[in-house]
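Written out below as structure tokens is the structure these notes cover.
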Amino acid sequence: MKIDEFPSEIQPYLVPRPGGSYRYECLQCGKEYGVEMLLYTCPECKSVLMIADREWDRLKSIPGHLWRKIFDYRSMLTTPALRGIYRFHELIGSIIPLDSVIWLGEGHTPVVGANERLSQWVGMDFYFKNDGQNPSASFKDRGMASAFSYLNYLIRSGALKDVLAICASTGDTSASAALYASYLVNGVKSAVLLPHGKVTPQQLGQPLGSGARVIEVPGVFDDCMKIVEYLSENYAVALMNSKNAWRILGQESYSYEIAQMFDYRVGNLTVVVPIGNAGNITAVMQGFMKLHDLGIIDSLPAVMGVQSEHANPVYLYYLEADPKKRSYRPVTVKPSVAQAAMIGNPVSMPRVMRLVEKYRALAGEESVQVMEVKEQEIMDAMLTANRNGHVACTQGGECLAAIRNAVGSGRISRDRVAVLDATAHALKFATFQEKYFSDGFEPEFGVVPKKELQNAPLLVAPPENVPCPRPGTELPPDQFQAFVEYEGAAIAGLLGLRSRG
């Protein structure tokens with residue numbers, strides 16, 4: 001639709017203009033810094049930062065019901081910069097001009113309801129939000145669209161040049177960062193650090209295909225993260241991990257899209273997200289609280305974070321009910337099929353602690369929960385989901401296993417509706433599916449395949465007395481017909497088909 005075809009009271013709001021006053025805010029000491037430079041930790045106390053709009057209250061001059069109309073009508077525009085996460089421009093990057101916005105098709109991923117069989121298996125109605133249908137096949141594109149749009153803004157304004165974007169990754173971050181860097185060719189190159197042997201071939205292929213310098217490091221993700229932190233503190237690089245507060249801003253769009261999908265009535269929802277580096281759960285909580293503060297939603301949904309027992313520092317922290325007795329300790333991770341969440345020392349943990357406290361103060365103690373699941377449960381749940389029409393990754397399986405356990409244990413009411421985060425596309429984790437089907441898991445995973453969930457191709461080869469096609473040769477018609485009839489009869493028998501006669 002053309003802007004002049006929209007209701008007159010909406011037209012002035014449809015194309016946002018730059019505004020606001022953004023600052024980096026230290027969660028530990030409270031000091032603030034300008035966003036004119038790239039900053040990842042507080043120069044004073046070294047804690048992680050959040051981005052705050054010091055003119056946020058200006059947005060409250062627009063009532064919640066009008067904000068809802070603005071976002072809904074914007075979804076009908078064809079302006080590329082507003083097709084993605086910047087539909088919510090005022091909430092996630094209002095200082096960035098639209099001509100600096102990078103849009104590769106990210107955002108507004110489908111929310112797909114579970115069929116009746118899968119809902120009964122879990123014990124409640126729920127949806128998967130398929131963030132694997134983002135451009136690089138993972139949710140990371142939300143944060144990268146924000147971080148690279150800001151880089152583009154700095155480059156275009158002359159504040160930056162010859163940027164090297166660098167990240168540590170278990171696969172998804174590297175794929176996303178390399179993709180966006182390859183698109184933003186003006187003065188930007190990318191390099192990624194991956195733990196050697198800990199990334200699936202599919203995920204390794206993505207940054208290589210985008211032209212990034214891929215460097216493998218002995219150890220696990222946490223080791224790679226320490227190296228890129230050192231590089232960002234001592235060299236002129238742009239850190240693209242979730243330590244980058246612009247990444248968190250972009251990932252808030254996940255919450256905004258859920259609210260819009262459910263007509264802004266979210267009080268009965270439970271939003272389930274896996275916890276790796278903890279940037280995603282940080283953004284989800286922050287996003288919903290922003291909507292609530294502006295009156296766009298009138299109540300907050302429950303939020304459930306999930307970790308594997310092989311990488312569970314956040315779960316262990318909140319296992320202690322008394323806040324005064326809680327003590328955060330990193331853990332040494334074990335091999336996990338939820339590879340993207342195999343992180344023992346999440347960099348966003350200080351953000352989580354602060355935001356959980358704020359969220360619970362607004363919505364009650366049970367509004368934020370953290371669950372732990374077993375590796376076996378993750379694989380079984382992922383395969384069960386995908387046998388029922390979904391394309392969930394192992395992290396999506398992690399969420400499904402958690403919500404099923406929560407319903408079974410009574411931690412969540414069957415009357416609620418859950419939205420589960422499938423953070424990446426199932427094809428990224430085809431290696432683990434193959435191991436399940438072939439019973440090829442190494443003992444340290446602790447996964448034993450269930451026969452009813454295994455699958456394998458069946459070769460139907462004709463006996464020697466039946467002609468068989470060969471590459472480069474063509475069978476005579478009568479011989480080819482004999483081949484077709486044999487194969488057809490054999491396959492019909494395998495499938496239990498009945499003859500038309």
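Values below: all heavy atoms of this structure, side chains included; hydrogens, waters and symmetry mates excluded.
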Relative to the ring of F71, is the ring of W67 parallel (under 30°), tilted (30 to 60°) or perpendicular (over 60°)?
parallel

Scan the side chains in residues 206-213 for donor-acceptor partners under 3.5 Å anywhere in the protein, sequence neighbours excluded, and list what turns up.
from, atom 1, to, atom 2, distance (Å)
Q206, OE1, K428, NZ, 3.0
Q206, NE2, S136, O, 2.9
S210, OG, Q206, O, 3.4

Any L179 side-chain heavy atom under 4.5 Å of P135 side chain:
yes

Could you tell me the separation between the OG atom of S348 and the NZ atom of K243, rounded to the nearest 0.5 Å?
9.5 Å

With a 3.5 Å distance limit and no angle check, can you tell me whether N405 reaches the backbone of A402 through a side-chain donor-acceptor pair?
no

Keeping to residues at least two apart or across chains, list the side chain to side chain donor-acceptor pair (under 3.5 Å) pairs with something in residues 315-327.
none

Is any side-chain N of the basic residue among D263 and R68 closer than 4.0 Å to the acidic one's carboxylate O?
no

In this structure, OG of S21 is separated from CG of D53 (nearest 0.5 Å) by 7.0 Å

Looking at Q11, I want to see if its CD is surrounded by more than 12 non-hydrogen atoms of other residues, nucleotides or ligands under 6.0 Å.
yes

Derivation of the side-chain contact (heavy atoms from CB on, under 4.5 Å) call for L38 and L154
CA-CA 10 Å; L38 296 174; L154 293 179; 3.9 Å; yes

Main-chain N/O of G105 paired with N134 side-chain donor or acceptor, under 3.5 Å
no

With side chains defined as the heavy atoms from C-beta onward, is the minimum distance between M382 and L400 less than 4.5 Å?
no

Give a yes or no on whether a salt bridge exists between E257 and R142, defined as a side-chain N under 4.0 angstrom from a carboxylate O.
yes

Close side-chain approach of I96 and W246, heavy atoms under 4.5 Å
yes

Carefully, step by step, assess I62 and I70 under the rule side-chain contact (heavy atoms from CB on, under 4.5 Å).
CA-CA 10 Å; I62 299 176; I70 292 168; 4.2 Å; yes

Could you pull out all residues at least two apart from Q286 that satisfy side chain to side chain contact (heavy atoms under 4.5 Å, CB included)?
M50, E252, M289, K290, L355

Do N277 and N241 pass the side chain to side chain donor-acceptor pair (under 3.5 Å) test, and can you show the C-alpha distance, the side-chain angles, and the key distance before you say yes or no?
CA-CA 9 Å; N277 228 2; N241 285 97; over 6 Å; no

When rounded to the nearest 0.5 angstrom, what distance separates CD in E106 from CG in D131?
11.0 Å

Do N345 side-chain atoms and P330 backbone N/O form a donor-acceptor pair below 3.5 Å?
no

Has R54 got more than 12 heavy atoms of other residues, nucleotides or ligands less than 6.0 Å from its CZ?
yes

Just do the side chain to side chain donor-acceptor pair (under 3.5 Å) check on T41 and K46 with the steps written out, would you?
CA-CA 5 Å; T41 57; K46 304 304 180 185; 5.3 Å; no

Taking C-beta and beyond as the side chain, do S176 and F139 meet within less than 4.5 Å on heavy atoms?
no

Do other residues, nucleotides or ligands put more than 12 heavy atoms under 6.0 Å from the CD atom of Q28?
no

Does Y40 use its side chain to pair, donor to acceptor, with the backbone of L239 at less than 3.5 Å?
yes

Just by modelled atom types, is the G19 backbone N or O under 3.5 Å from a matching donor or acceptor in the S94 side chain?
yes

Look up atom CD1 in I248 and atom OG1 in T282, then write down how far apart they are to the nearest 0.5 Å.
5.5 Å

Stepwise side chain to side chain donor-acceptor pair (under 3.5 Å) check, Y254 with T109
CA-CA 9 Å; Y254 186 87; T109 53; over 6 Å; no

For the student: nearest non-hydrogen atoms of A259 and L291, plus distance:
CB-CD1, 3.6 Å

Counting only heavy atoms not in Y73, do more than 12 fall under 6.0 Å of its OH?
no

Of all heavy-atom pairs between S146 and I85, which one has the smallest distance, and what is that distance?
N-CD1, 4.1 Å

Okay, side chain of Q133, backbone of P110: is any donor-acceptor separation there less than 3.5 Å?
no

Euclidean distance, N244 CG relative to L39 CG, rounded to 0.5 Å
10.0 Å

Apply side chain to side chain donor-acceptor pair (under 3.5 Å) to the pair Y183 and N152, showing each step before the final yes or no.
CA-CA 11 Å; Y183 185 82; N152 193 30; over 6 Å; no

Quick one, H310 with M342, criterion side-chain contact (heavy atoms from CB on, under 4.5 Å). Give me CA distance, side-chain angles, the key distance, then yes/no.
CA-CA 7 Å; H310 285 193; M342 201 174 81; 6.0 Å; no

Which heavy atom of A406 sits nearest to which heavy atom of M304, and what is that distance?
CB-CE, 3.8 Å

For a quick test of reading the model, state the closest non-hydrogen atom pair linking A177 to M240 and the distance between them.
CB-CB, 4.4 Å

Test item: R23 side-chain N/O and A52 main-chain N/O as donor-acceptor pair under 3.5 Å:
no

Any donor-acceptor N/O pair, S169 side chain to L194 backbone, under 3.5 Å
no

I need the minimum non-hydrogen distance between V217 and C224, along with the two atoms involved.
CB-SG, 3.9 Å

Here the gap from L98 atom CG to Y86 atom OH, rounded to the nearest 0.5 Å, amounts to 10.0 Å

Answer whether the closest heavy-atom distance between the side chains of M144 and T173 falls below 4.5 Å.
yes

Tell me whether S149 contacts the main-chain N or O of I102 through its side chain, where contact means a donor paired with an acceptor under 3.5 Å.
yes

Hey, are the side chains of S232 and V228 touching, using non-hydrogen atoms and a 4.5 Å cut-off?
no

If you take all heavy atoms of A338 and E398, which pair is closest and at what distance?
CB-OE1, 3.7 Å

Side-chain heavy-atom pair D421, Q395 within 4.5 angstrom cut-off:
no

Could you tell me whether a side-chain N or O of R351 sits under 3.5 Å from a main-chain N or O of L49, the two making a donor and an acceptor?
yes

F262 atom CZ: more than 12 heavy-atom contacts under 6.0 Å
yes

So do the side chains of V271 and F288 get within less than 4.5 Å of each other, counting heavy atoms only?
yes

How far apart are the C-alpha atoms of L66 and I10, what are their side-chain angles, what is the distance that settles it, and do they pass the side-chain contact (heavy atoms from CB on, under 4.5 Å) test?
CA-CA 8 Å; L66 183 53; I10 294 296; 3.6 Å; yes

So, R416 and E366, do they make that salt bridge, N to O below 4.0 Å?
no

